[in-house]
Amino acid sequence: MTVPHRALLLRHADVLVTMDACRREIADGALVAEGPSITWVGATADLPAIYADAARDGRADAIDVRGHVVMPGLVNTHHHMYQSLTRAVPEAQDAELFGWLTNLYLLWARVTPEMIRISTQTAMAELMLSGCTTTSDHLYLFPNGARLDDSIEAAEAMGMRFHASRGSMSVGRSLGGLPPDEVVETEDAILRDSERLVDRWHDSSRHAMRRIVLAPCSPFSVSRDLMRLSADLARERGVSLHTHLAENENDIAYSREKFGMTPAEYAEDLGWVGHDVWHAHCVKLDEAGIALFGRTGTGVAHCPCSNMRLASGIAPIGAMRRAGVPVGLGVDGSASNDGAHMLGEARQALLLQRVGFGPAAMTAREALEIATLGGARVLGRDDIGALAPGMSADIVAFDMNDVAHAGAGHDPVAALVFCQPGAVALSVINGRIRIRDGRFEDLELAPLLTRHRDLARTLYERARHPHTA
């Protein structure tokens with residue numbers, strides 16, 4: 001018997017967190033990946049001789065991960081990557097959701113295709129360094145010739161597993177919506193482009209690196225017709241649906257005033273419930289809504305940092321999970337979080353639940369499960385989120401010998417959440433090493449960040465001085 005592909009072999013992990021059906025945590029763990037998938041997981045002492053021999057004669061890339069916790073790559077279920085250009089904007093630092101959006105729409109209306117590409121790559125670099133291997137992105141405005149293709153092509157260059165959400169806004173202020181008319185599109189154009197993107201880019205196969213999602217932005221920026229037609233199109237083409245829902249009290253008031261319904265009733269009325277749907281935030285989802293989402297398998301992207309930043313509230317994640325609602329984590333936009341550290345988001349999820357509901361509201365391992373398996377379920381995937389034979393080879397390793405984890409050797413898995421989150425030492429996506437020894441294998445980060453800073457400055461100045469740009 002021979003190894004059919006050049007294998008990747010990780011061995012001697014202090015703990016290998018599998019997130020498999022038994023939630024095994026293997027001391028002195030080892031893992032083998034061949035091509036895009038995992039072929040073997042177990043204790044280093046039980047490693048089959050064929051792989052040990054391949055490592056000795058150079059037919060396998062063998063990496064010693066002593067001192068590390070190895071786990072499945074984290075899954076980010078909600079982001080707005082272009083917003084990394086507008087972090088900490090003074091005019092939007094101290095506002096709730098609607099005021100925050102009103103100020104920032106003025107900047108976002110001046111985004112260019114290059115800004116989409118560079119901001120996507122920068123946001124993905126940040127995510128990857130935090131242990132994320134799969135991400136969704138919700139891009140819902142397309143000014144100045146920008147297209148979703150710009151972010152998809154940037155993701156291809158970065159090598160991240162990507163669920164690209166074709167967002168949209170069709171109801172501007174003149175029709176009673178929140179966004180200015182200059183950043184909305186016609187519904188015919190939105191639906192035509194949605195079909196084009198699915199035809200060109202969507203990959204439904206196992207281990208797919210790229211999928212398309214249809215994602216009208218929110219109840220206050222799209223029509224009921226667009227919501228229904230998008231749902232019909234998504235189900236006809238076999239793609240998922242995503243939107244924002246029940247984010248804060250103003251969001252609830254808008255739904256009641258405009259539609260005479262709660263957000264959950266609105267979603268159900270439009271066909272926006274089911275295993276192929278997930279909603280961002282749901283901070284104010286009521287008991288009936290939680291029961292509905294649990295019955296139908298409708299997912300939720302929990303964004304604790306953003307919810308705190310905009311003072312939206314504390315989402316009832318424990319109640320959702322007890323009701324069977326699929327829950328994943330999202331970093332949300334980099335203008336409402338100002339950071340995108342997935343392990344840090346897991347830490348905040350745990351801390352915020354305890355602030356709201358007591359010290360037993362969430363454990364460290366539950367937080368990690370939401371960040372891996374939970375995110376996979378929300379995105380409708382059964383090939384990521386766990387380390388087991390047949391699963392995608394999306395693997396990360398964290399070095400536990402740094403100062404942040406000093407004294408935490410009693411339970412290094414819990415320490416990943418309780419202690420200060422750090423950067424990954426190793427990241428493998430689809431069987432390919434992307435980060436080794438904390439550094440990107442095939443990305444020059446400094447020039448990317450320099451260009452990103454220049455574009456962020458240009459965007460802000462154009463918004464402040466529109467007549468001189």
Side-chain angles (χ1 to χ4, degrees), residues 1-75 131 133-134 161 206-207 343 363-366 368-369 371-374 376 381-401 405 408-417 424-438:
M1 180 179 175
T2 60
V3 178
H5 304 282
R6 180 174 175 82
L8 173 65
L9 167 60
L10 308 184
R11 52 189 172 182
H12 298 301
D14 281 11
V15 184
L16 192 147
V17 180
T18 66
M19 289 293 172
D20 65 9
C22 298
R23 303 297 190 269
R24 288 184 302 158
E25 296 177 4
I26 303 171
D28 191 17
L31 176 151
V32 178
E34 298 175 51
S37 62
I38 295 167
T39 53
W40 186 87
V41 174
T44 301
D46 298 330
L47 186 70
I50 182 176
Y51 297 118
D53 292 344
R56 273 194 296 273
D57 63 22
R59 288 179 292 115
D61 188 353
I63 302 175
D64 191 308
V65 284
R66 283 175 228 264
H68 294 70
V69 171
V70 173
M71 64 177 294
L74 305 179
V75 180
T133 55
T134 297
R161 204 175 296 278
R206 189 169 180 82
H207 310 305
L343 194 58
T363 69
R365 284 168 172 80
E366 285 173 329
L368 291 176
E369 182 174 313
T372 52
L373 281 176
R381 301 197 66 141
D382 62 2
D383 55 353
I384 61 174
L387 303 181
M391 299 294 284
S392 298
D394 291 1
I395 309 147
V396 293
F398 292 92
D399 187 348
M400 306 305 288
N401 292 313
H405 297 101
H410 326 288
D411 188 348
V413 177
L416 285 175
V417 179
V424 290
L426 176 74
S427 175
V428 178
I429 304 177
N430 209 44
R432 181 173 174 182
I433 297 174
R434 293 293 179 176
I435 297 172
R436 192 195 298 251
D437 298 325

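Just so it is clear, the model here is predicted, and its values are computed rather than measured.
Separating the CZ atom in Arg11 from the CG atom in Leu31 is a distance of 13.0 Å, to the nearest 0.5 Å. Between Thr372 atom OG1 and Ile384 atom CD1 the span is 9.5 Å, to the nearest 0.5 Å. Note that CZ of Arg206 and CE of Met391 are 6.0 Å apart. Values are rounded to the nearest 0.5 Å. Taking CG of Leu9 as the start and CD1 of Ile63 as the end, the distance is 8.5 Å to the nearest 0.5 Å. The OG1 atom of Thr363 sits 8.5 Å away from the CD atom of Glu369 when rounded to the nearest 0.5 Å. Atom CG in Leu16 sits 5.5 Å away from atom CG in Leu387 (nearest 0.5 Å).
Across all non-hydrogen atoms, the minimal contact from Ala30 to Leu47 is CB-CD1, 4.4 Å. In this structure, Arg23 and Thr18 approach most closely via the heavy-atom pair C-OG1, 4.0 Å. Nearest heavy-atom pair, Gly58 versus Arg6, reported as atom, atom and distance to 0.1 Å: O-NH1, 2.5 Å. Pairing each heavy atom of Ser392 with each of His207, the nearest pair is OG-ND1, 2.7 Å. Closest heavy-atom contact between Val396 and Ser427: CG1-OG, 4.1 Å. Nearest heavy atom pair, residue Met19 against residue Leu373, reads O-CD1, 3.3 Å.
With hydrogens and angles ignored, the 3.5 Å screen pairs a side-chain donor or acceptor of Asp14 with a backbone N or O of Gly67. A donor-acceptor distance shorter than 3.5 angstrom exists from the side chain of His68 to the backbone of Arg66, with no hydrogens or angles considered. Using a distance-only test at 3.5 Å, with no hydrogens or angles considered, a donor-acceptor pair links the side chain of Thr44 to the main chain of Gly29.
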Check step by step if side-chain contact (heavy atoms from CB on, under 4.5 Å) holds for Leu368 and Leu343. CA-CA 8 Å; Leu368 291 176; Leu343 194 58; 4.0 Å; yes

Under the side-chain contact (heavy atoms from CB on, under 4.5 Å) criterion, do Val41 and Arg24 qualify, and how do the steps go? CA-CA 10 Å; Val41 174; Arg24 288 184 302 158; 4.2 Å; yes

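Listed by chain and residue number, Asp394, Asn430 satisfy the side-chain hydrogen bond (donor to acceptor under 3.5 Å, both in side chains) test with Arg161 (two or more places apart in sequence, or in another chain). A search for salt bridge (charged side-chain N to carboxylate O under 4.0 Å, His left out) contacts involving Glu25 returns Arg365, not counting sequence neighbours.
Of the residues Ile38, Val32, Ile433, Thr39, the one that meets the side-chain contact (heavy atoms from CB on, under 4.5 Å) test with Leu8 is Ile433.
A heavy-atom distance below 4.5 Å is found between the side chains of Asp61 and Arg436. With a 4.5 Å cut-off on side-chain heavy atoms, Met400 and Leu416 count as touching.
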